Amino acid sequence: MEASSPISIQQTPLQDHPSEPSPKPYKKSFVTTLMEAATLRTPSFKEDTYFISHLKSSEKKALLEFRDKLSASYDSDSECSMWGIPLMSGDEKADVILLKFLRARDFRVPDALRMLDKCLSWRKEFGADSICEVDLGFKELEGVVAYMHGYDREGHPVCYNAYGVFKDKEMYERIFGDEEKLKKFLRWRVQVLERGIKLLNFKPGGVNSIIQVTDLKDMPKRELRVASNQILSLFQDNYPEMVARKIFINVPWYFSLLYSMFSPFLTQRTRSKFVISKEGNFPETLYKFIRPEDIPVQYGGLCRPSDLQNGPPKPASEFAVKGGEKVNIQIEGIEGGATITWDIVVGGWDLEYSAEFVPNAEGSYTIAVEKIRQVAPSEEAIHNSYTSREAGKMVLSVDNTASKRKKVAAYRYIVRKSTVV
């Protein structure tokens, strides 16, 4: 027999809302039409295969030719290896890397070979193989500007990028003030990516690429143009096909407009890797690809930096709060003296939240653990705990009856019994 759902829903009938005059029909502006077209309307994504048996005959032929040309160009594996994988070994891990270079050049073997040659030279000169162990002194940027954090629903490591902190002129000058500082920052940014690549499998059917989430909020476009161009060029030239999907969040209207204008000129394969989310709509977008317990709290998830020190995150339960609904989450079976700890978040909150403990015994009073309050749109996940004096249940309530907008949400909890005998 299945357990009943802990979630109960109260709906506010539409007729209870004050009647509003019907809006007049209007003709969408050109800008509005383009922006809507750019938002989350990309072709279905299909990740590249690395099984040799799945390749076209022309692609298999190109791979064999690529192997032969490598053997003719390099004398030893030590001269031709990446991420600890000898590229002339002929094993499946080497083929995964070779296929990345071939795909980056549309399986044109001479072009792929030139790209690989330049990349090997750059890695040697840059010291890319040992950069992960170097202390570059950017502690203030770790976990803020660019950082690896968790995995998506398919197991890809996720890299978050947010350059809004450089809106502060003092911070900008401290990091990008001169050519030497910029070079040092680029080394640090490569270090972040190299750490992410260490999490990949490099095997057919495995995880062979990362996910990038880029937050465009407050990003100073003009000031970061030089740094952005150099990072983009460096990654395109030396890390082909390493990004499975690029998710842009807090996207301003002009970015959506530009993307919608240029996207028709991109290949379907390239377009399928891009996801564009308008400003303020990022929790719904991120939940499509990443579980809430793996999303940082500042992006509508449940994961705090301290959580990463305690092993794998505790899975969360996801639910949706429709417009005009009040959702009650009832956590039953709490014994006297037990402590319940919970996390709860609703994407883009802007609704009422409360928590109360309801004792089982008749005549006992309900305890307002957290009084009803309006939660701001930018507020992070709520984390709280309560120790009960008697047996009962905890009820977490989110009231969205004042809104017509559906919102994604998640919660999790743990109950620890009293150790007092």
Side-chain angles (χ1 to χ4, degrees), residues 45-134 148 151-152 154-159 190-212 233-246 267 269-270 273:
F45 172 78
K46 185 178 180 181
E47 191 163 2
D48 294 320
T49 181
Y50 290 95
F51 287 103
I52 305 301
S53 59
H54 294 173
L55 299 177
K56 299 175 184 177
S57 58
S58 60
E59 294 172 344
K60 291 179 183 178
K61 182 180 178 181
L63 178 59
L64 291 173
E65 183 183 345
F66 199 11
R67 289 175 183 166
D68 291 341
K69 287 189 177 296
L70 277 181
S71 298
S73 301
Y74 293 90
D75 296 328
S76 64
D77 287 336
S78 61
E79 293 180 349
C80 187
S81 65
M82 287 185 184
W83 304 295
I85 301 171
L87 300 185
M88 296 190 297
S89 62
D91 68 9
E92 59 182 16
K93 289 192 173 186
D95 283 345
V96 167
I97 296 176
L98 296 184
L99 282 169
K100 287 180 179 293
F101 281 88
L102 283 169
R103 286 196 170 103
R105 292 298 180 261
D106 295 324
F107 284 87
R108 297 189 299 270
V109 176
D111 293 345
L113 182 60
R114 278 193 292 272
M115 184 183 189
L116 180 60
D117 287 340
K118 290 180 179 179
C119 180
L120 287 169
S121 297
W122 172 82
R123 291 186 66 82
K124 184 177 181 180
E125 180 183 350
F126 197 85
D129 289 332
S130 59
I131 199 169
C132 289
E133 287 70 45
V134 180
M148 303 302 303
Y151 300 84
D152 75 349
E154 297 174 347
H156 298 95
V158 182
C159 180
V190 167
Q191 184 185 66
V192 174
L193 180 56
E194 286 284 334
R195 287 173 175 169
I197 290 174
K198 283 182 175 292
L199 303 174
L200 303 181
N201 302 133
F202 290 115
K203 60 185 296 186
V207 176
N208 300 305
S209 53
I210 68 172
I211 299 293
Q212 279 197 349
S233 177
L234 200 112
F235 286 3
Q236 285 181 338
D237 292 343
N238 301 291
Y239 297 93
E241 305 300 315
M242 283 298 179
V243 179
R245 181 180 280 115
K246 296 181 180 181
T267 64
R269 181 167 171 271
T270 299
K273 294 185 177 184

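Because the structure is predicted, anything quoted here is derived from the model rather than measured.
Ring geometry, Tyr239 versus Phe235: the interplanar angle exceeds 60°, so the pair is classed perpendicular (tilted spans 30 to 60°).
Separation of atoms CD1 (Ile85) and CD1 (Ile97) is listed at 4.0 Å; rounding is to 0.5 Å. Remark: Leu200 CG to Phe202 CZ distance equals 5.0 Å, nearest 0.5 Å. A distance of 13.0 Å separates NZ in Lys198 from CE in Met148, rounded to the nearest 0.5 Å. Rounding to the nearest 0.5 angstrom, the gap separating the CD atom in Glu59 from the OG atom in Ser57 is 8.5 Å. Asn238 contributes atom CG, which lies 10.0 Å from atom OG of Ser121 (distance to the nearest 0.5 angstrom). Taking CZ from Arg195 and CG from Leu193, the interatomic distance works out to 11.5 Å, rounded to the nearest 0.5 Å.
In terms of modelled atom types and a separation under 3.5 Å, the side chain of Asp91 and the main chain of Lys93 share a donor-acceptor contact. Using a distance-only test at 3.5 Å, with no hydrogens or angles considered, a donor-acceptor pair links the side chain of Gln191 to the main chain of Val134. Side chain of Asn201 to backbone of Lys203: no donor-acceptor contact under 3.5 angstrom is found.
Taking all atoms of both residues into account, the shortest heavy-atom contact from Val158 to Asp152 is CG2-N, 3.6 Å. Contact detail for Cys159 and Ile210: the closest heavy-atom pair is CB-CD1, 4.2 Å. Annotation for Cys119 and Met82: closest pair SG-CE, 3.4 Å, computed over non-hydrogen atoms. Closest of all the heavy-atom pairs between Ile131 and Glu194 is CG2-CG, 4.0 Å. Smallest separation of non-hydrogen atoms from Met115 and Pro240: CE-CB, 3.7 Å. Closest non-hydrogen pair, Leu113 versus Phe66, comes out as CA-CE1, 3.7 Å.
No hydrogens or angles considered: a donor-acceptor pair under 3.5 Å links the side chains of Tyr50 and Lys100.
Within 6.0 Å of CD in Glu133 there are more than 12 heavy atoms belonging to other residues, nucleotides or ligands.
By the 4.5 Å heavy-atom criterion applied to side chains, Leu99 and Leu102 are counted as neighbours. Here the side chains of Lys246 and Lys273 are not in contact, with every heavy-atom distance at 4.5 Å or above. Two residues are said to be in side-chain contact when any heavy atoms from C-beta on lie closer than 4.5 Å; Leu70 and Leu98 meet this criterion. Side-chain contact between Leu64 and Lys60 is absent, with no heavy-atom pair separated by less than 4.5 Å. A 4.5 Å side-chain heavy-atom check between Phe101 and Val109 finds every atom pair outside the cut-off. For the pair Asn208 and Glu241, the minimum side-chain heavy-atom distance is 4.5 Å or more. A 4.5 Å side-chain heavy-atom check between Tyr74 and Leu120 finds at least one atom pair inside the cut-off. For the pair Leu87 and Leu116, the minimum side-chain heavy-atom distance is below 4.5 Å.
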Original post:
Hey, mind stepping through Glu92 and Ile52 against side-chain contact (heavy atoms from CB on, under 4.5 Å) and telling me if it holds?
Top reply: CA-CA 9 Å; Glu92 59 182 16; Ile52 305 301; over 6 Å; no

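A salt bridge does not link Arg114 to Asp117: none of the charged side-chain nitrogens sits closer than 4.0 Å to a carboxylate oxygen.
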